[in-house]
Amino acid sequence: MKDFEKIDSAVSQLKGIKKVYFIGCGASMSDLYPAYYLIKEKGKSITSKIYTANELIYSKPDDFGTEVLAVIASLGGNTKESVNAVKYAKENEATVIAITGTANSPLTISADFSFIHGFQESYAAKTFKMQIALYISASILNKFDDYEDFELFKNGLTKIDDLIEKSVKLNTPKAELFAKKMKDSSIIYVLSSGASLGVAYSTASFLFMEMQWLPAVTIHTGEYFHGPFELTEKKVPYLLFMNEGSTRHLDARALEFMQRFDAETFVIDAKDFGLGNVISSKVVDFFNPLILTGVMRPFEENLARERNHPLTSRRYMWKLENY
């Protein structure tokens, strides 16, 4: 569920906020990355940081206090590190917004505001946590920094779900081919840039390493030529999330090099799905992660079938109590 009016109401009650901390673990932290990136790029009086929950608690940043809004996410609402981060934030007099898929979960108990999202209903729903966080950032920028593109941002969020669902259907053959080509890979390199770097990280760390036990490496396309490109050679597998907007040149430069040396390159390109035809060029950078996340999911589902490895398989998570 996405209740943008409720978010605006919550943001209207905020006072004295100068910093927004985005806090989570695993995929939830990755889902917060675009929201962090939006404020980082567009904030004037407002600044943003992103932390994995335990690092926040143990590093104890000096600027964490009454001027902080802590946006803390957990899909199930019971990730112990994230729940502890809520406690830490309240002890330090920060304002807390919790984002979770589970109402009345431990994450929400002490939060000042809570937003509950869907996840299972559709491919678009798998981006709702990300969308809520993005809208929180846009609304904060509008309140404190007179964000000039706020209405364009709101309009884009009314259209993105339909585009995701249509794009998933268009990309089914490519997802099936990806699974057949990658099923026996011993490693895969995942690249992107801009607001979509979190998508690359999440895909590598969680869809591949956690859910498929497939070693994967995240590379920023802007950093690809400063070391990692030395491993590029024929048939080495790469997955590139290609953005529409300001960082597209970085992605295109990396793609050209990979193709030059005949790497096994798969590209999921936001431009192929007409993102720029639906979303204004002024805000399109921040919508790339939504379309790329939605479209990627069938790639993973097909890969799981080809490898005969269900997405729910785990060695350690949910099986060990002490780690």
Side-chain angles (χ1 to χ4, degrees), residues 22 24-38 40-41 50 52 73 75 99 117 119 123-135 137 156-157 160-161 163-165 167-168 171 174-175 178 182 188-212 214 216-224 228 237-248 250-252 254-255 265-273 275-276 279 283-303 311:
F22 295 94
C25 299
S28 288
M29 187 182 72
S30 299
D31 284 343
L32 296 176
Y33 188 87
Y36 149 77
Y37 191 85
L38 173 60
K40 181 178 78 72
E41 293 294 298
I50 191 164
T52 189
L75 177 60
I99 307 175
H117 62 84
F119 186 78
Y123 290 110
K126 298 189 188 309
T127 71
F128 283 2
K129 190 195 312 173
M130 195 183 293
Q131 290 191 47
I132 289 169
L134 271 167
Y135 190 75
S137 288
L157 286 173
I160 193 65
D161 290 2
L163 185 62
I164 289 172
E165 295 301 325
S167 300
V168 165
N171 221 37
K174 193 170 184 178
F178 170 85
M182 294 295 179
I188 184 168
Y189 297 95
V190 188
L191 297 86
S192 198
S193 63
S196 298
L197 185 62
V199 180
Y201 175 73
S202 183
T203 300
S205 294
F206 313 117
L207 293 183
F208 291 153
M209 288 199 281
E210 177 188 339
M211 296 183 180
Q212 286 299 293
L214 171 60
V217 179
T218 308
I219 303 172
H220 192 298
T221 54
E223 284 292 298
Y224 173 65
Y238 287 85
L239 173 62
L240 171 64
F241 291 107
M242 200 160 181
N243 294 276
E244 181 158 3
S246 63
T247 66
R248 185 174 180 84
L250 281 67
D251 304 334
L255 176 59
T265 308
F266 279 83
V267 181
I268 302 180
D269 188 345
K271 198 166 189 176
D272 287 346
F273 310 115
L275 186 67
I279 308 298
V283 297
V284 74
D285 282 20
F286 311 106
F287 283 78
N288 283 296
L290 299 173
I291 190 73
L292 295 172
T293 294
V295 170
M296 176 59 204
R297 193 71 182 192
F299 278 64
E300 182 67 10
E301 292 169 348
N302 278 277
L303 185 62
L311 295 177

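- Ala270 and Leu292 get closest at one heavy-atom pair: N-CD2, 3.9 Å.
- Formation of a donor-acceptor pair under 3.5 Å by the Asn171 side chain with backbone atoms of Ser167 is not found in this model.
- The CG atom of Leu290 sits 8.5 Å away from atom CG of Leu275, with the distance rounded to the nearest 0.5 Å.
- The shortest heavy-atom contact between Phe286 and Leu134 is O-CD1, 3.5 Å.
- With contacts defined as side-chain heavy-atom distances shorter than 4.5 Å, the pair Val190/Ile219 does not qualify.
- For the pair Lys174 (side chain) and Phe266 (backbone), a donor-acceptor distance under 3.5 Å is absent.
- Proximity of Leu311 to Arg297: side-chain heavy atoms (C-beta onward) are separated by under 4.5 Å at one or more points.
- Panel note: side chain Ser28, backbone Gly24; no donor-acceptor pair is recorded below 3.5 Å.
- The CE atom of Met242 sits 9.0 Å away from atom OG1 of Thr221, with the distance rounded to the nearest 0.5 Å.
- Distance alone, capped at 3.5 Å, places no donor-acceptor pair between the Glu244 side chain and the Val284 backbone.
- In this structure the side chain of Thr265 reaches within 4.5 angstrom of the side chain of Leu255, judged on heavy atoms.
- With 3.5 Å as the limit, one finds no donor-acceptor pair spanning the side chains of Tyr36 and Glu41.
- Counting heavy atoms from C-beta outward, Met29 and Ile50 have side chains that approach closer than 4.5 Å.
- Phe208 and Phe178 have parallel rings, their planes meeting at less than 30° on a 0 to 90° scale where 60° marks the start of perpendicular.
- In this structure, Asp272 contributes its side chain and Ile268 its backbone to no donor-acceptor pair below 3.5 Å.
- The distance from atom CD1 of Ile164 to atom CG of Asp161, rounded to the nearest 0.5 Å, is 5.5 Å.
- Atom OH of Tyr238 and atom CE of Met182 lie 11.0 Å apart (nearest 0.5 Å).
- Looking only at side-chain heavy atoms (C-beta outward), Tyr33 and Met130 stay at 4.5 Å or farther from each other.
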Under 3.5 Å, sequence neighbours excluded: what are the donor-acceptor pairs made by side chains of residues 196-207?
residue : atom : partner : partner atom : Å
Ser196  : OG   : Asn243  : OD1          : 2.6
Thr203  : OG1  : Val199  : O            : 2.8
Ser205  : OG   : Tyr201  : O            : 3.2

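- A heavy-atom distance below 4.5 Å is found between the side chains of Phe22 and Ser137.
- The closest side-chain heavy-atom distance from Tyr123 to Pro298 is below 4.5 Å.
- Using a 4.5 Å heavy-atom threshold, the side chains of Phe287 and Leu157 count as touching.
- Residue Gly194 comes nearest to His220 through the heavy atom pair N-NE2, 4.1 Å, listed as atom of the first residue, atom of the second, then distance.
- Salt-bridge formation is detected for the pair Asp269/Arg248: a Lys NZ or Arg NE/NH1/NH2 atom is positioned less than 4.0 Å from an Asp or Glu carboxylate oxygen.
- With Asp285 contributing its side chain and Ser246 its backbone, the two residues share a donor-acceptor pair below 3.5 Å.
- Between Ile291 atom CD1 and Asn288 atom CG the span is 9.0 Å, to the nearest 0.5 Å.
- Taking every heavy atom of both residues into account, Pro34 and Ala195 meet most closely at CG-O, 3.8 Å.
- One finds the CD atom of Gln131 at 13.5 Å from the NZ atom of Lys126 (value rounded to the nearest 0.5 Å).
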